[in-house]
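Everything below concerns the one structure shown next.
Bear in mind the structure is a predicted one, so any value in this text is a computation, not a measurement.
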Amino acid sequence: MLLVLGLLMTVSLIAVPSYQAMATDREEDRFFDNLMRDIYYAQSESYRTKAPVMVVFRETEGRYEVVQSFKAILPPRKLPATVKLKAATNLKAVSFSANGSVTAAGTLLFDTSDGEKSLIVHIGKGRLVFSG
C-alpha cells in the first residue's frame, strides 16, 4: 500500500508541473489566435463601414480593444498573465484606413512564457506575419 502511494505521489509530482506548462502554452496560443482574428475583423469592418478602425493596446490595463470612431466595437480582450507587450515595440495600435489598408507599419513585440513573439504589420494591404 505504501509503495502504491509513493508511486502515485511521484507520478503526480511529474505530471502536475508539465500540465501547468501545457495549459499556459494553450492559453497563449488561444490568445494569439484570437488577436489575429480580431485584427482581421477590424480590417473587414473598415472595408464594410468605409471608416477607420483600430486595434489599440492598453499596456497599463493589460488589454486591447477594437475601436471605431472612439467607440469599442468588440468587448475589451485581456492579455493572459504570461503575455506582456514589450516597451521596445514600435506600435501601440494596428490602424486600418477606410479602404482597409494599414496606416502604420511596424512590429508588436510580446514577452511570453516561451520567450519573445512578434507580430509584424506590413504597410499597404495589412498583411500580418506572426513569429514566435
Side-chain angles (χ1 to χ4, degrees):
M1 182 71 162
L2 193 56
L3 182 64
V4 172
L5 184 59
L7 186 61
L8 187 61
M9 293 278 294
T10 303
V11 169
S12 67
L13 285 173
I14 294 170
V16 170
S18 64
Y19 174 76
Q20 289 174 341
M22 185 179 71
T24 299
D25 287 345
R26 290 193 64 186
E27 180 184 27
E28 289 176 3
D29 289 344
R30 194 170 28 253
F31 165 74
F32 286 113
D33 186 48
N34 283 338
L35 174 61
M36 294 291 283
R37 289 174 193 226
D38 287 344
I39 291 173
Y40 287 130
Y41 172 76
Q43 185 179 32
S44 68
E45 277 298 293
S46 69
Y47 280 131
R48 187 182 72 80
T49 61
K50 304 286 189 242
V53 179
M54 298 173 59
V55 178
V56 182
F57 288 86
R58 313 275 187 214
E59 289 179 72
T60 56
E61 299 167 18
R63 64 185 173 100
Y64 71 90
E65 298 175 301
V66 179
V67 178
Q68 183 177 38
S69 302
F70 301 105
K71 181 182 173 206
I73 57 177
L74 285 178
R77 312 267 192 198
K78 292 203 62 80
L79 276 67
T82 57
V83 176
K84 302 276 186 257
L85 186 65
K86 290 184 80 168
T89 191
N90 63 355
L91 280 180
K92 301 297 181 196
V94 179
S95 305
F96 295 99
S97 64
N99 66 358
S101 62
V102 172
T103 59
T107 305
L108 292 161
L109 299 172
F110 296 93
D111 270 332
T112 68
S113 63
D114 291 336
E116 183 178 281
K117 295 191 180 190
S118 62
L119 180 65
I120 301 167
V121 180
H122 295 281
I123 197 79
K125 293 294 180 189
R127 306 241 191 294
L128 304 171
V129 177
F130 180 73
S131 65

For this session: Would you please test V53 and V67 for side chain to side chain contact (heavy atoms under 4.5 Å, CB included) and show each step?
Result: CA-CA 6 Å; V53 179; V67 178; over 6 Å; no

For this session: For T49 and Q68, run side chain to side chain contact (heavy atoms under 4.5 Å, CB included): C-alpha distance rounded to whole Å, both residues' side-chain angles, the deciding distance at 0.1 Å, then the answer.
Result: CA-CA 10 Å; T49 61; Q68 183 177 38; 2.6 Å; yes

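- Classification of the F57-Y64 ring pair by plane angle, with boundaries at 30° and 60°, yields tilted.
- Linking Ile, Leu, Val, Met, Phe, Trp and Tyr whenever their side-chain heavy atoms come within less than 4.5 Å leaves V102 and L109 in two separate clusters.
- With contacts defined as side-chain heavy-atom distances shorter than 4.5 Å, the pair P52/S97 does not qualify.
- Taken to the nearest 0.5 Å, the CD atom of E59 stands 9.5 Å off from the CG atom of L79.
- V56 and M36 are assigned to two separate hydrophobic clusters, defined by single-linkage of ILVMFWY side chains at heavy-atom distances under 4.5 Å.
- Partner of L108 under the side chain to side chain contact (heavy atoms under 4.5 Å, CB included) criterion, out of L128, V94, I120, V55: V94 alone.
- Interatomic distance, OG1 of T89 versus NZ of K84, reported as 15.5 Å (0.5 Å rounding).
- One distance of note links CG of N34 with CG of D38; it measures 6.0 Å at 0.5 Å rounding.
- Counted by atom type alone, T82 and E28 present one or more donor-acceptor pairs between their side chains at under 3.5 Å.
- Residue pairs satisfying the ring-ring contact (aromatic ring centres under 6.0 Å, His included) criterion with at least one member in residues 112-132, sequence neighbours excluded, are listed as follows: F32-F130.
- Under a 4.0 Å N-O distance rule, the pair R48/E45 qualifies as a salt bridge.
- Inspection of the D114 and T112 side chains reveals no N or O donor paired with an N or O acceptor under 3.5 Å.
- Side chains of S46 and N99 form no contact here, defined as non-hydrogen atoms less than 4.5 Å apart.
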Problem set entry | Full working for side chain to side chain contact (heavy atoms under 4.5 Å, CB included) between V121 and L91 | CA-CA 9 Å; V121 180; L91 280 180; 3.9 Å; yes

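- Ion pairing between R77 and E65 fails under the 4.0 Å rule for side-chain N and carboxylate O.
- For A105 against I123, the heavy-atom pair with the smallest separation is CB-N, 3.6 Å.
- Here the closest heavy-atom approach between residue K86 and residue K92 is recorded as O-NZ, 4.1 Å.
- Note: M54 CE to S69 OG = 11.0 Å, rounded to the nearest 0.5 Å.
- Side-chain contact between L35 and L119 is present, with at least one heavy-atom pair separated by less than 4.5 Å.
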Exercise. Should F31 and V83 be marked as a side chain to side chain contact (heavy atoms under 4.5 Å, CB included) after you check the CA-CA gap, both sets of side-chain angles, and the distance that decides it?
Worked result: CA-CA 9 Å; F31 165 74; V83 176; 3.9 Å; yes

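- Here Q43 pairs with nothing under the side chain to side chain donor-acceptor pair (under 3.5 Å) rule; sequence neighbours left out.
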